[in-house]
Amino acid sequence: MARYNPAAAEPKWQKAWDEKDCFAAGRHSERPKYYVLEMFPYPSGKIHIGHVRNYAMGDVIARFKRARGFDVLHPMGWDAFGLPAENAAMQTGGHPKDWTYGNIEVMREQLKRMGLAIDWSREFATCDPEYYVHQQKLFLEFLQKGFIERRESLVNWDPVEMTVLANEQVVDGKGWRSGAPVERKSMSTWFFKITDRAEDLLDALDDGRLEGWPAHVKEMQRNWIGRSEGLMMAFPLSGDDLPQDKLPIYTTRPDTLYGASFLGVAPDHPLATHFAEKDPEAAAFIAECQAQGTSEADIEKAEKKGFRLPVTGRHPFTDEELPVYIANFILMQYGTGAIFACPAHDQRDLDFARKYKLNVIPVVCPPDADPSSFEVADEAYVGPGTMMMSGFLDGLPAEEALPAAIKKIEEMGWGEGTTNYRLRDWGLSRQRYWGCPIPIIHCDNCGVVPVPDDQLPVGLPPIDASEFKTPGNPLDRESTRAWREVACPQCGEMARRETDTMDTFVDSSWYFARFASQPEDQPVEKAEADAWMPVQQYIGGIEHAILHLLYARYFTRNLQECGYTEISEPFTNLFTQGMVTHETYRDLNGNWRLPEDVRYQSAPAGEYPDAGYQQIQEWVGRGAHGGLQHTLFEKALSNESFLEAYYKQHEERFGYHYVGANGLELPVLIGPIEKMSKSKKNVVNPMAMADAYGADAVRFFMLSDSPPERDVEWTEAGAEGAWRFANRVYETVAKGEGIMRGCAAMPTELSDDLMALRRTTHKTIAGVTGDIEHFRFNKAIARLYEFLGACKNLRSDGDAAPVAAEALGVLTQLTAPFMPHLAEECWELLGGEGLCTDAAWPEANEALLTEDVVTLPVQVNGKRRGEIKVAPDAAEDAVKEAALAQRDVARFMEGKTVRKVIVVPGRIINVVAG
RNA sequence: GCGGAUGUGGCGGAAUUGGUAGACGCGCCAGAUUUAGGUUCUGGUGUCUUAUGGCGUGGGAGUUCGAGUCUCCCCAUCCGCACCA
């Protein structure tokens, strides 16, 4: 019998789908629409296995929904602007554009090899002028509507990438890609006023609009937006030579105002800066604060430090004069950059007060403490309690004192209750070449002038590849002068183009809308876009939980307000898939080794039953490993430096070996299973795997081993398992060759074994359907394995023929979303009509989902002792009787009396006896 | 520190509302076939015990006829946020 041959079958069926244009969206107006999207890839060079997992998931959904009668939109494109292209240009001497489009060519072919059900007619790259022209139009529209503004501010400067970064792109005080410590710089740059929408972005997380999102992603966004309710108020200042007569502060604990013992400002607060101009000591203190690191570890170690300013602030309730300090723990970016400090109820304030011997006045008394003697020692009390030493607030519970204090301050006209957000505006300017140009002209006479519509797009000037050898932005150099210097559209005088380009996260903030609708004259056509949007199922990595997903939500609100869509939330259901991991390998020199260099060779088990072998086995930690190769083994025992190396890495395992380029066999150490990364070389090439096992097997394995939200370890054994499955399906189906062609109708009466098979068939349909709908791909696949086992020995004569045809057809169709090529091959073999891809998803027959006879376990005192077979609708008394009469149950009941019998219909019987 | 998860065989993982713990895959063991092997097929595989049986879901308590699942307290791991006033 011929084996399944993926190398021949896969291109054949891809061609067939292509010729029929199977996956074009929008051709069935009568069908309900379904939009499934995976986060589009950055064209880095070639597809990695993580892409395969991501797109395989989307593909299962797309094919499944299509078979279920939806008109499915499943597009693909390229997030194509970005710094790696410039870095590649710097290293290879090419042009970012050539590099990018070259990569796209390669990756498109690789994706096509995976047999994805994608509507390729909608493909675009964000670096296509046809795409970014609309992004420039949107920029100008947003600017006009006031969603964007230009302002001078302190920005995060990445000294390695030589560009500004958004707050979201600074991790632990370091650039998200370069890892270089970020510097603070004052620059004039463009901002999306995302804070204007902070409230709605937050509200939507809880009001049901994002019910289909994972809770942890919503939690991350909630934290990032960081809403807090509090009081904004100003303390009147006294002192000589003041730059301001009041100090505005923000607090979430106005209830503790009576416990105030000092005021504090951030080192870069204007008040601090003012006094530093005349006082070198103050200046020195500020400099010291700024040198302090911002990483987690630095903050842990940092002592609370302050510098006393020659100023005091008047307390609103007591009229007491409070000292004012510059304090190193206050952040200029949060609130107003100034605080009032209540040491008794804030740990940082307490540390500070102890150091500078300031008052510690407890004003909230814990429920179980005595107000007359309650004191705070080294630990601030932050729990609930009753107000004390607090004038008009005394005796109130703290949670009531809070609004009362706000009310009082508002009545005094000193401040008001406000909502504060941690989220800050999204800086979009980047000092890079390979990005979407910001369509603005700067004119000495007219200021900031938008580029007129008829001059769009503002393209990127062609520049020599050698320009990229110099760090910095090539758009801001002599070589691009002709591009930069233009006439002002308003006054006609010579003016200067904006040389910054947009953050690439702008590109990915609306691409999903453009997939849905691609008119030439505007970003999207509303009716067409809304016919598809929102994206019903979005799939991507958790690493975008904040950046991309927050920006896209914000952008959609802008689009809505500009009338491009009705929706405010772009993604109804979000699924964040886990990463693909692999073992790591290092040779004795400590160099990382590629999995493909590591050869697997078995050693006869137990051939070295001496003490040394036992020792190695112990280190290996996996008993009879069988994977130890004896030459390696001898080396291990005789080579002291190897053993030493092994001791050094005792947490790693030992095994296998690799064959070096010079033909020498060298041992390798097997390290921990980690996310695949180029630096650790634990990557596998999905195309090489597709060559070896077929694209179907690679897709299948990526979905079979772990729940999709969890990390999955790539193993060759697993891929082999998938390959074995494909072959077994094919061989099983081959036994029923042509069986679907002219098959007899299903007889009304069937023998028990045929009936049982039909039940299994329909239960499998119901199970797999539910599993796919709920993203339980691993379970769906487990069911397919089981069902394959049930189909193994089926007969195809007489009455059995229609039953077998049904079973094999269903097996083929249920396998199709996972292994689409194999399914077509099987469908053809069975004599199915048309393409399997076009066939309607099988429906489970409800009547076949229940059994005639059910087997119920019988417990005695909670322990399973036997089982009985009864009709599912048998009367409770009859079930009880049968249970008690059962032989094993009766044996356990000897000498005991029945106290109670619990019957859970269709589930279990428990006899309580004593 | 705050918040969120997770903890089940040698491994990845199953187990509707509390109702037969370990589906399915990998690995391993035995047998068959083959061409020397990789391959393929069949059977076995939580653990202790000669066995009837006992014990088993990170640890400890509790609720219940019955707990992997619910409650409380611990422990461990992972993730996110963090001098956020």
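A note on names: the letters A, B, ... follow the listed sequences, proteins ahead of strands, and every chain is numbered from 1.
Contact detail for Met332(A) and Asp268(A): the closest heavy-atom pair is CB-OD1, 3.1 Å.
Ring geometry for His345(A) versus Tyr381(A): interplanar angle over 60°, hence perpendicular rather than tilted (30 to 60°). Relative orientation of the Phe777(A) and Phe775(A) rings is tilted, given thresholds of 30° and 60° on the angle between their planes.
Donor-acceptor pairing under 3.5 Å, judged by distance alone, is absent between the side chain of Arg710(A) and the base of U6(B). Checked by distance alone, Lys779(A) brings no side-chain donor or acceptor within 3.5 Å of a matching partner on the base of C24(B).
Straight-line distance from the CD1 atom of Ile225(A) to the P atom of C81(B): 14 Å, rounded to whole Å. Spacing between atom CG of Asn793(A) and atom C1' of C41(B) amounts to 12 Å, rounded to whole angstrom units.
Within the 4.0 Å cut-off from OP1 or OP2 of A85(B), at least one side-chain nitrogen or oxygen of Tyr334(A) is found. An OP1 or OP2 oxygen of C84(B) is reached within less than 4.0 angstrom by a side-chain nitrogen or oxygen of Arg348(A).
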What are the atom names and distances for every N/O pair under 3.5 Å that joins the protein to nucleotides 42-44 of chain B?
none

Enumerate the protein-to-nucleotides 2-4 of chain B contacts in which both atoms are nitrogen or oxygen and the separation is below 3.5 Å.
{"from": "G3(B)", "atom 1": "O2'", "to": "Glu219(A)", "atom 2": "OE2", "distance (Å)": "3.0"}

Set out, line by line, the N/O atom pairs under 3.5 Å between protein and nucleotides 31-39 of chain B.
none

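Candidate nucleotides C83(B), G54(B), G19(B) were compared by shortest atom distance to the side chain of Ile908(A), and G19(B) ranks first. The nucleotide whose nearest atom lies closest to any side-chain atom of Asn778(A) is, among C84(B), G54(B), G13(B), G13(B).
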Q) With the sugar-phosphate defined as primed atoms, P, OP1 and OP2, and the base as all remaining atoms, what B/S/- string results for nucleotides 60-67 of chain B, 5' to 3', for protein heavy atoms under 4.0 Å? A) -----BS-
**Q.** Intra- and interstrand pairs of RNA chain B - dot-bracket, Watson-Crick/G-U under 3.5 Å, | marks other strand
**A.** (((((((..(((......[....)))((((((.......))))))(((....)))..(((((..]....))))))))))))....
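Here Arg907(A) pairs with nothing under the side chain to side chain donor-acceptor pair (under 3.5 Å) rule; sequence neighbours left out.
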